[in-house]
Amino acid sequence: MPIHEKSLIRPENLVEHEHLVIEGVDVSGHWSTFIEGRSITDYNEAMQEEIAALPGGENIHRCWQCGSCTNACTVNAVNPEFNPRYWIYLIRLGMEEELLRDKDIIWQCVSCNKCTYACPRDVVPEAVMKATAHWLELKGHTPKSNSTIFDEGFASQVIKTGKIEDGLVLRDYFKATGQSLTQPWLVAMVTGLIKRFPVTYLMKLGIATVFPDKTRKWSKSRAAITEYVEECEAANRKALGLDAKGTH
Amino acid sequence: MSKPVLIIGGGPAGLSAAHALAAAGRKSILVEKEDRLGGAPILSGYAKLVPSHEWAKDAIGAMVTRVYPNPNVDVRLNTSVQKFDGTPGNFVATLKDGTQIEAETAIMATGFTHFDSINKPEWGFGTYPDVVTTTQVEQMISSGKGVRCPSDGRVPDRVAILLCVGSRDRQIGREWCSKICCTVSANIAMEIREELPNTNVYIYYMDIRTFGLYEGEFYWESQEKYKVKYIKARIAEVTSDGKRLLVKGEDTLIKRPVSIPFDMVVHAVGMDPNVDNMTLSSVFDVKLNRWGYIDRANTYTTLAQTSRPGVYVCGSASGPETIDDSIAQGHAAAMAAMTFQNAKVTEAAE
């Protein structure tokens, strides 16, 4: 007999054997429809430890599931699937598979920090969301988000020269994310600038674009920052049991 | 000179009452049915007590030594009261060996009985050796042997503590909260994590009732310092897959059934009325309340009064009680006994 309420069951839990004979009876096709159990059969203690080891995840073990964070959440108000309380629980129990179902929305946290102020146990859910998104990236579950790509470009310029050049930040960002440089809003902004700015200022801007400015005597600072960043990244990767170096 | 006060039971409440009377210069006779004083914390081999973290044998031991020996306290071990006659001010108690004792008043500090987990067979006690009670874990710790699986002596990788075993359960007629088990379980969980840092401890709960100041020191501390995990689920069944125990229930926060392997399951057993309460009720002619504990006549004006004038009750004889509150009630009962002659006899409020 076919199962009528299949819509209530997760599709991956419906198992059908194309060819199956049980005790001489042919139950191929829909005759052999089975439903996999939905019981949770184990906890994975490593998961909480991994996320707790990343910056921002330190207080996750304090959570007592009151739901203040989700109730306060800006994103939850528009998307009920965005539920920090629930994800914290999944992480604490080590239910990786369940967490991965939501991997494409976890990064949508807007860091308004309303949860941080609502939380009675100082879990700092906003930071936990950041650590979780970071964990998903490091584990290779999600590609780098656009905001991460932007941050990386921004930071790499600062580390390299001690300064940023706005035009270069934008160009690098659009290139890395495969977006066209001739964005209508950007064209409009640049045209507006050209129309309104004094000529000498525009010339300075032009020179700076071709020869980006540098902070003098930056090399020592650069070396120190680079060393620190590498140390942090290596520690994060080690906490997750990944190689010290390498890309995800 | 007035007659002595008869105290029945040598646990924290009885010891406290005896000490209070002795300190005030009053004589008392302390009757204990076991061969030593100390009550449940000593007889059941408790480890470190809530909330002071002192070892039971030190903390309760100190209570014992201040009344035994003590010229004002006449301790009678290995005996019990068989008959209790007379009127307030002129009671006569007959002990097991026929000795008769005259007493002005009596204080019942007769305590409780640990819930017997056999009465919840679905949770595996008596079926699987690695299902134990909080009392057994206390003994593992206090004996210095450490927390080990009874089946083969191995260190457990994962321990589940089930709360409300024999409490808050209409199915088995236990319609009370035993008050202490949440805090005791949090304390035990911390002691397990302290001894065995690689052992993960999970507490399955319906509500957490680590009341008052226990919140921070036991509930929060167990989570924040010792990483004990609390799961909101009343366990349906404890079985075995042949190797490890399987704890089955519904994780209410994710609306999913769980069936998790554990090495050791600990029942946080509740406080039943003393199994002797029916006998005590008939010997002393005091009423029991609907749950089977010794009834108090009044909540506010005469704290320790039973239904029989001149007979007082303190500690867990009248309901689940903490050690420190039992001690306070022992003092209250002593005060009631000492002021007996001045007190008007208050009718029991029905």
Side-chain angles (χ1 to χ4, degrees), chain A residues 8-10 12-13 35-53 57-71 80-81 83-102 119-125 128 239, chain B residues 156-160 182 186 189-190 193 196-210 215-216 218-233 235-237 239-241 243-263:
Chain A
L8 297 174
I9 299 157
R10 283 179 176 170
E12 67 271 24
N13 284 354
I35 306 169
E36 295 277 354
R38 51 192 285 279
S39 190
I40 290 152
T41 53
D42 210 351
Y43 298 138
N44 170 16
E45 280 98 359
M47 195 170 173
Q48 167 173 303
E49 281 164 30
E50 286 179 6
I51 290 185
E58 299 87 350
N59 288 349
I60 187 170
H61 63 283
R62 292 181 175 184
C63 178
W64 61 15
Q65 292 289 302
C66 69
S68 295
C69 50
T70 297
N71 186 54
E81 298 297 309
N83 190 335
R85 193 271 309 154
Y86 177 60
W87 295 327
I88 289 173
Y89 197 68
L90 296 180
I91 293 163
R92 297 207 57 211
L93 265 52
M95 294 170 59
E96 188 167 349
E97 221 174 278
E98 291 298 309
L99 186 78
L100 292 182
R101 287 176 192 283
D102 293 334
C119 177
R121 295 290 296 276
D122 272 339
V123 171
V124 198
V128 173
Chain B
D157 282 337
R158 207 185 257 163
V159 177
C182 285
M190 291 194 283
R193 293 279 291 162
L196 311 167
N198 295 324
T199 299
N200 286 289
V201 182
Y202 292 80
I203 293 181
Y204 289 92
Y205 70 96
M206 300 193 286
D207 306 293
I208 292 293
R209 297 182 168 188
T210 48
E215 174 82 3
F218 294 92
Y219 186 34
W220 289 35
E221 180 112 330
S222 64
Q223 292 174 61
E224 299 188 5
K225 188 168 171 204
Y226 292 93
K227 309 272 170 77
V228 175
K229 288 181 185 171
Y230 288 74
I231 313 263
K232 189 167 168 60
I235 293 308
E237 191 184 10
T239 60
S240 169
D241 61 4
K243 288 181 194 136
R244 297 171 88 189
L245 298 166
L246 279 184
V247 169
K248 295 182 176 182
E250 190 212 0
D251 188 320
T252 55
L253 282 166
I254 46 175
K255 301 188 284 185
R256 294 266 298 269
V258 295
S259 179
I260 308 291
F262 278 92
D263 300 291

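The chains referred to below are lettered A, B, ... by the order of the sequence lines, with proteins before strands, and numbering in each begins at 1.
- Smallest separation of non-hydrogen atoms from A:Arg38 and B:Pro257: NH1-CD, 3.3 Å.
- In this structure, the side chains of A:Leu93 and B:Asp251 come closer than 4.5 Å at one or more pairs of heavy atoms.
- Residue B:Phe262 touches chain A through its side chain alone, counting heavy-atom pairs closer than 4.5 Å.
- With a 4.5 Å cut-off on side-chain heavy atoms, B:Ile254 and A:Glu98 do not count as touching.
- Between A:Thr41 and B:Pro261, the shortest heavy-atom contact is O-CD, 3.2 Å.
- Heavy-atom pairs under 4.5 Å with chain A were tallied for B:Arg158, B:Lys227, B:Lys232; the largest tally goes to B:Arg158.
- Interatomic distance, CZ of A:Arg92 versus OH of B:Tyr230, reported as 10.5 Å (0.5 Å rounding).
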Quiz item: Could you walk me through whether B:Glu224 and A:Arg121 pass the salt bridge (charged side-chain N to carboxylate O under 4.0 Å, His left out) check?
Solution: CA-CA 10 Å; B:Glu224 299 188 5; A:Arg121 295 290 296 276; 3.1 Å; yes
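- Heavy-atom contacts from other residues, nucleotides or ligands closer than 6.0 Å to CD of A:Glu97 number 12 or fewer.
- A:Tyr43 and B:Asn200 form no side-chain donor-acceptor contact under 3.5 Å, judged by distance and modelled atom types alone.
- Residue B:Ile208: no heavy atom, backbone or side chain, is found under 4.5 Å from chain A.
- Summarising the geometry, atom CG belonging to A:Asn59 is positioned 12.0 Å from atom CD belonging to B:Gln223; distances are rounded to the nearest 0.5 Å.
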